[in-house]
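Take a look at the structure set out below.
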Amino acid sequence: MKLDGIPLWDGTEFRGPVELSWEPDRIGEVRPATQRYDELCVLPGLVDTHVHLIGYAGSGPMPDFATWPLVTTRDEQVLHGVAHAQRAMRHGVTTLRDLAGDEAQIALRRAFDAGVLPGPRVQVHGVVGMTAGHNDLFVPPAIPQRKPTADGPDECRKLVRTWARAGMDGIKLTTSGGVLSIGDKNGWRNYTREEIRAVVDEAHALGMLVASHAHSEEGIRVAVEERVDSIEHGTLLSADLAEVLAARRTPVAPTLLINEAIAEGRVPVTAESMAKAAELVATRNVLLAEAARLGVRFVLGTDANGHHVQFGDQLAEVVHMTEILGMSASEALRAATSDAADSIGVPVGRIQPGLGADFIVLRGRPWERIADLAVENIVAVVSRGRLVAGELP
């Protein structure tokens with residue numbers, strides 16, 4: 001299969017019109033074109049490093065976020081996860097990392113990889129969280145059926161090992177409270193330093209990256225000092241920690257749109273969640289813009305769950321990164337393609353020979369005008385070398 005004459009932004013830079021060939025699932029040759037079609041462009045498929053696939057994906061009235069998982073069978077939930085993944089793929093997001101997975105998301109990953117169903121590339125991280133911690137508090141206190149928790153260094157190590165046995169790609173660790181968790185506070189400490197150290201040590205020993213959910217300054221600080229592999233949210237990131245993260249090139253996924261939507265009440269949320277998000281957003285923008293100025297490695301991570309942020313909103317998140325973080329258009333595109341892919345270790349995010357064949361054909365020049373990165377401008381999406389949306393020119 002081949003495209004000829006369409007200008008290419010390859011994940012790092014503009015290459016001009018090229019002849020691009022591919023086969024499932026591999027980019028072939030990329031060489032100067034013999035013709036030119038300036039109204040279109042080709043760029044790599046986007047990589048969202050922070051999503052939650054299991055959530056309501058129907059077209060009817062949106063059910064309650066907290067109770068839907070409790071009244072919906074796991075088999076049915078998996079089908080909603082498939083729908084979310086495929087919707088993201090059709091909107092140009094061809095790699096997703098689920099940061100609160102279990103056997104259901106692993107099943108989705110395996111089905112997509114085997115070609116049982118068309119789907120994006122998926123990574124899955126299992127959560128290691130404490131009793132009464134952020135992850136535990138998504139389930140109302142009176143419900144006895146709860147997600148796995150771990151307390152004390154030994155239990156933490158065991159849960160990491162359990163997730164490794166299940167086939168997880170990595171671990172998500174909670175080092176602060178959160179916004180949507182019930183009865184939680186952003187500033188609550190989640191885990192002692194000894195527990196965090198045990199999680200990081202065990203995960204790294206088993207070849208798994210550790211992504212740390214952290215809103216508060218102290219939650220970010222302990223995660224940084226114990227050398228997690230990425231910071232998720234990083235909302236109250238101080239300048240001194242930003243300098244450390246910049247020097248280490250540790251990726252930070254800022255999840256901008258979701259916190260604003262919750263803070264402003266644009267999505268159905270409790271008054272408690274709205275107040276917590278509003279408190280964070282009130283100070284977030286100045287801190288994160290300063291962090292970007294100091295060289296922090298921001299990557300695309302939306303926290304999309306189909307309820308507060310839709311799958312397909314990733315393109316709007318990239319645009320918003322330029323507005324809040326002060327990134328240039330090309331910097332934001334790199335954060336959503338090559339740099340995001342590198343941060344989670346997947347061989348995509350660039351259009352280069354030998355890499356995975358994931359790319360978007362788009363109207364416009366988003367590396368110059370980031371507003372061109374819009375769903376309505378998508379002409380075609382190729383995932384794993386196969387056309388999954390639109391028509392190839």
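The first residue in the sequence is number 1, and the count goes up from there.
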I'd like to know if the side chain of T72 and the backbone of P69 have a donor-acceptor N/O pair within less than 3.5 Å. no
Is the CD atom of E155 crowded by more than 12 outside heavy atoms at less than 6.0 Å? yes
Answer yes or no: is there an ion pair linking R36 with D38, defined by an N-O contact shorter than 4.0 Å? yes
To the nearest 0.5 Å, how far apart are CG in D169 and CH2 in W163? 13.0 Å
Would you mind telling me which of V361, L362, L315 makes a side-chain contact (heavy atoms from CB on, under 4.5 Å) with N377? L362
Ring pair (Phe, Tyr, Trp, His ring centres under 6.0 Å) contacts touching residues 193-214 (sequence neighbours left out): H134-H213, H213-H215, H213-H233
Is there a donor-acceptor contact under 3.5 Å from the side chain of R165 to the main chain of V160? no
Short N-O contact, R121 and D358, less than 4.0 angstrom: yes
T131-D151 side chain donor-acceptor pair, cut-off 3.5 Å: yes
Between E272 and G183, is there a donor-acceptor pair closer than 3.5 Å when you use the side chain of the first and the backbone of the second? yes
Has the side chain of T94 got a donor or acceptor atom that lies under 3.5 Å from a matching backbone atom of S383? no
Would a 4.5 Å heavy-atom cut-off, applied to side chains only, mark I182 and T270 as touching? no
Residue pair T12 / S338, side-chain donor-acceptor N/O under 3.5 Å: no
Pair R386, E23 - check salt bridge (charged side-chain N to carboxylate O under 4.0 Å, His left out), show working. CA-CA 8 Å; R386 300 186 183 280; E23 58 188 24; over 6 Å; no
Has E225 got a side-chain atom pairing as donor or acceptor with V222's backbone, closer than 3.5 angstrom? no
When you check the gap from the basic side-chain N to the acidic O, do D201 and R157 get nearer than 4.0 Å? yes
Derivation of the ring pair (Phe, Tyr, Trp, His ring centres under 6.0 Å) call for H80 and Y56: CA-CA 6 Å; H80 286 260; Y56 182 73; 5.4 Å; yes
Is there side-chain contact between R189 and E218, with at least one heavy-atom pair below 4.5 Å? no
Determine yes or no for a side-chain-to-main-chain donor-acceptor pair under 3.5 angstrom, with S216 supplying the side chain and G219 the backbone. yes
So, R350 and D10, do they make that salt bridge, N to O below 4.0 Å? no
Output side-chain donor-acceptor pairs under 3.5 Å for residues 291-298, partner residues at least two apart or in another chain, one line each.
unit_1 : atom_1 : unit_2 : atom_2 : d
R293   : NE     : E290   : OE1    : 3.0
R293   : NH2    : E290   : OE2    : 2.7
R297   : NE     : D339   : OD1    : 2.8
R297   : NE     : D339   : OD2    : 3.3
R297   : NH1    : R249   : O      : 2.9
R297   : NH2    : D339   : OD1    : 2.8

Just wondering, are more than 12 heavy atoms of other shown residues or ligands nearer than 6.0 Å to CD in E391? no
Beyond-backbone contact of L159 with T149, side-chain heavy atoms, under 4.5 angstrom: no
Using the ring centroid of each side chain, check whether F14 and W367 are separated by less than 6.0 Å. yes
Under a 4.5 Å cut-off applied to non-hydrogen side-chain atoms, are V18 and I6 in contact? no
Under 3.5 Å, is there a donor-acceptor pair between the side chain of D98 and the main chain of L53? yes
Is it true that D372 and R369 have a side-chain N and a carboxylate O under 4.0 angstrom from each other? yes
So does L70 get a backbone contact from the side chain of T67, meaning a donor-acceptor N/O pair under 3.5 Å? no
Give a yes or no answer on whether the side chain of R365 reaches the backbone of L40 with a donor-acceptor pair at less than 3.5 Å. yes
Do the charged groups of R193 and E226 touch, with an N to O distance under 4.0 Å? yes
Cationic N near anionic O, under 4.0 Å, R363 to E39: no
Under 3.5 Å side-chain donor-acceptor pair for T302 and D48: yes
Show your reasoning for whether salt bridge (charged side-chain N to carboxylate O under 4.0 Å, His left out) applies to R74 and D102. CA-CA 11 Å; R74 200 60 174 161; D102 57 23; 2.5 Å; yes
Check R221 with D240, please: is the shortest side-chain N to carboxylate O separation under 4.0 Å? yes
E19 and S21: side-chain donor and acceptor closer than 3.5 Å? no
D136 and R146 ion-paired at < 4.0 Å: yes
When you measure from the side chain of N285 to the backbone of I324, do you find a donor-acceptor pair of N or O atoms at a distance under 3.5 Å? no
